[in-house]
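Here is the structure we will look at, set down as structure tokens.
Throughout, a chain's letter reflects where its sequence line sits, starting with A, and its residues are numbered from 1. In what follows, every heavy atom counts, from backbone to side chain, and hydrogens, waters and symmetry copies are set aside.
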Amino acid sequence: MTTIRLYNTKSRREEDLQPLIPGKVRMYVCGPTVYDRAHIGNARPVVVFDTLFRLLRHVYGADAVTYVRNFTDVDDKINAKAAETGRPIRDITDETIGWYHADMDALGALRPTHEPRATEYITPMIRMIEGLIARGHAYAAEGHVLFDVRSFPGYGALSGRSVDDMIAGARVEVAPYKRDPMDFVLWKPSGDDLPGWPSPWGRGRPGWHIECSAMSRELLGEAFDIHGGGIDLQFPHHENEIAQSCCANPSGQFAKIWMHNEMLQVEGKKMSKSLGNFFTVRDLLDQGFPGEVIRFVYLGTHYSKPMDWTADKAAQAEATLRKWRALTRDGQPGQVADTVVAALAGDVNTAGALAELHKLANAGDAAGLLASAQLLGLLLPEMGAWAEVTVDLSTHADRLAALRAEAMASKDFAAVDAMKAALMAAGVEVRMSKAGVELLPGAGFDAAKLPVL
RNA sequence: GGCGGGUUGGCGGAGAGGUUACGCAGCGGAUUGCAAAUCCGUGAAGACCGGUUCGAUUCCGGUACCCGCCUCCA
């Protein structure tokens, strides 16, 4: 069996994946807070861990892999949007989840095995908080429950910092009811205008971090193999998850391997609303970038490095996919190439895997290319509509062929060149050879610009 | 201030202590009425300074620059 090697943020080393339960793999990835459309940064971990999910299924079998990705549907940003719009919270979160599914489906991401909503796990969260209090790791104060970071010696191990270091230069919320400035909220009180659930500490709502600890325990158990998310979550979110889970679970175990994807930039700059380079996935889809092209661009950079979204990359990706789709159009997938699996097994080296795909294409191995690309979530039949030839250009081709035949006799090519230029202006690729004339709609094809016959 | 990551050829972007990454662009050729597409061939690299080594772009140390997190933003 292929050995998959993954970089573990916690040990700062690449490690062999050795499933805790032989033959079964369990993975948890932090999902979105559902208050708005997913932006293209949100989509990066989705594509990265979807690719890992596909690799795991390939190596261990589709039924052997359990992948959990949560929806955070209780959050102050959601509350703010509800207050702003006057809409019920559930309307907002349901709608946003629908968008999320549609947008991530478009990127070729498989649905995880489980997609729990935080609001459906309030009871397990309360139970976990009670357990933390009972074990002396948390305390109630003024309607809040706080985690006592000093009670967990391992606090800071994931992000490589000590509690004292963090306090030194940190901007932490100083609240009178905190024993230590770094203590974080497990539960907080809700006024009548905010969503809340009854609890031993009064009506309230959970802090941000506890949901992932509770849901992963419910769905995957106390210990599991892989926990993923964006590098920005490393601290404090993941650090706090570890503290909660390790202290609440009798076994003291939690995720074995921690994986973090780096951030995304746009045209070399941090994506931000103020710079005007902020895009949602839906924006790109609406601009005409096929989901498959977006996915290809993501896969072109290793997940551990910052990735730059550029229009140029998207254009190159589109050209490559067109070529590969043409090459594999009439074939069936063959064997997945060992070289592609090997690349992915080396810490999900998607860029290396794409290079291997290029080699397969250059070698004319259409069946191998198709099977291997599909392992990466590319060249799937359901994603290819964008590359299909949907227009009939045969009358234009016939006309051009006729003009060309006349020109060959008369040696006057003006009419041929004029029509060719008009076709190219409409985004048509013009191929003339001894065999005849072939017209293909290209990247910028616009039927409205076709020359009128 | 603390912590973490990065710096590869014109551009994008990988692996590997010594042997072509790969893609795009470029250049030369075949082909073409001219092109396009395709095919063949080809030049070009590893921020800087040291160290280890027979040999480092690849390991170690330092410098410079860039980026992220520390603010419930992936």
Give one of base, sugar-phosphate or nothing for [X], where a contact means two heavy atoms less than 4.0 Å apart.
| X | answer |
| --- | --- |
| A:Lys411 | nothing |
| A:Arg44 | nothing |
| A:Val46 | nothing |
| A:Gly300 | sugar-phosphate |
| A:Met424 | nothing |
| A:Asn240 | nothing |

* May I ask you to verify if any side-chain N or O of A:Lys323 is less than 4.0 angstrom from the OP1 or OP2 atom of B:C24? => yes

* **Distance below 4.0 Å between A:Asn362 side-chain N/O and B:G23 OP1 or OP2** => yes

What is the distance, to the nearest angstrom, from the [atom1] atom on [X] to the [atom2] atom on [N]?
| X | N | atom1 | atom2 | value |
| --- | --- | --- | --- | --- |
| A:Glu429 | B:A36 | CD | P | 11 Å |
| A:His237 | B:C3 | NE2 | P | 24 Å |
| A:Leu299 | B:G13 | CG | P | 14 Å |

* For B:U63, the Watson-Crick or wobble partner whose two distances fall under 3.5 Å -> B:A47

* Does any nucleotide pair with B:G26 by Watson-Crick or G-U wobble geometry, both distances under 3.5 Å, and what is it? -> B:U42

* If you draw the axis of the six-membered ring of A:Tyr139, does the NZ or CZ of A:Arg179 fall within 45° of it and under 6.0 Å from the ring centre? -> yes

* When you measure from the side chain of A:His101 to the backbone N and O of A:Arg111, does any donor-acceptor pair fall under 3.5 Å? -> no

* Asked: Taking A:Asp283 for the side chain and A:Thr280 for the main chain, is one N or O donor matched with an acceptor at less than 3.5 Å?
  -> yes

* Asked: Could one point to a donor on the side chain of A:His39 or the base of B:A74 with an acceptor on the other under 3.5 Å away?
  -> yes

* **Donor/acceptor link under 3.5 angstrom from A:Asp312 side chain onto base of B:G12** => no

* Asked: How about A:His39 and A:Phe278: are their ring centroids closer than 6.0 Å?
  -> yes

* To do: Report yes or no: do A:Asn79 and A:Tyr35 form a side-chain donor-acceptor pair below 3.5 Å?
  => no

* Under a 90° cut-off about 0 for the syn range, is B:G12 syn or anti? -> anti

